[in-house]
Amino acid sequence: MASFTYDQFRFVLKKLHFEKIRSKKHETWRKILPNDAILRVRISHKHGRDIPQWLFHEMLRQAGIDKESFIKILY
């Protein structure tokens with residue numbers, strides 16, 4: 001199973017038009033949808049490190065995307 005880094009996740013969030021709104025213990029990224037719903041994703045500052053699989057799936061859920069969409073945007 002391929003693992004992804006926090007930097008790769010940031011890249012995908014930027015492509016999906018998320019904006020970084022906070023950077024303290026963790027970064028908080030936000031996207032406001034057309035129906036005024038708000039998606040928030042929290043990311044560690046561990047830039048080049050791999051994301052644990054359980055956390056990667058949780059971050060995908062928060063971002064409202066699936067793994068296949070993530071990979072398509074990344075590559």
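Quick note: numbers below take in every heavy atom, side chains included, and nothing from hydrogens, waters or symmetry partners. No experiment lies behind these values; they were computed from the predicted model shown.
- Applying the salt bridge (charged side-chain N to carboxylate O under 4.0 Å, His left out) rule to R22 yields no partners; only residues at least two apart in sequence or on another chain are considered.
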Before giving the answer on side-chain contact (heavy atoms from CB on, under 4.5 Å), spell out for I51 and M59 the whole-Å C-alpha distance, their side-chain angles and the decisive distance to 0.1 Å. CA-CA 10 Å; I51 304 170; M59 291 164 55; 3.9 Å; yes
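- Between F56 and F4, the angle of the ring planes stays under 30°, which puts this pair in the parallel group of the 30/60° scheme.
- Between S3 and Q8 the shortest heavy-atom distance is O-OE1, 4.4 Å.
- Taking each heavy atom of L13 and A63 in turn, the nearest pair found is CD2-CB, 4.1 Å.
- We find the CG-CG distance between L55 and D50 to be 11.5 Å, quoted to the nearest 0.5 Å.
- Among residues two or more places apart in sequence or in another chain, the salt bridge (charged side-chain N to carboxylate O under 4.0 Å, His left out) test is passed with R42 by none.
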May I have the step-by-step check of salt bridge (charged side-chain N to carboxylate O under 4.0 Å, His left out) for E27 and R10, ending in yes or no? CA-CA 10 Å; E27 295 175 8; R10 280 183 194 86; 2.9 Å; yes
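- The OG atom of S23 lies 3.5 Å from the NE2 atom of H45; values are rounded to the nearest 0.5 Å.
- Heavy atoms of other residues, nucleotides or ligands lying less than 6.0 angstrom from NE2 of H17 number 12 at most.
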With side-chain contact (heavy atoms from CB on, under 4.5 Å) as the test, would you mind laying out the steps for T5 and H47 before giving the verdict? CA-CA 7 Å; T5 66; H47 291 277; over 6 Å; no
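- Under the 4.5 Å side-chain heavy-atom criterion for ILVMFWY residues, no single connected hydrophobic cluster contains both I38 and L60.
- Side chain of H57 to main chain of D66: no donor-acceptor pair is present (N/O by atom type, distance under 3.5 Å, no hydrogens or angles).
- Under the 4.5 Å side-chain heavy-atom criterion for grouping Ile, Leu, Val, Met, Phe, Trp and Tyr, L74 is connected to V41 within one hydrophobic cluster.
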Are W29 and Q62 close enough, and set up right, to give a side-chain contact (heavy atoms from CB on, under 4.5 Å), and what steps lead you there? CA-CA 10 Å; W29 291 73; Q62 292 173 1; over 6 Å; no
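- Atom OG1 of T28 sits about 12.0 Å away from atom CZ of F18, to the nearest 0.5 Å.
- A distance-only check finds a donor-acceptor pair linking the side chain of K31 to the backbone of L16 [under 3.5 Å].
- Summarising the geometry, atom CG belonging to L39 is positioned 11.0 Å from atom CZ belonging to R30; distances are rounded to the nearest 0.5 Å.
- When the side chains of ILVMFWY residues are joined at heavy-atom separations under 4.5 Å, either directly or via intervening members, I21 and V12 end up in two distinct hydrophobic clusters.
- Here the side chains of H26 and I43 are not in contact, with every heavy-atom distance at 4.5 Å or above.
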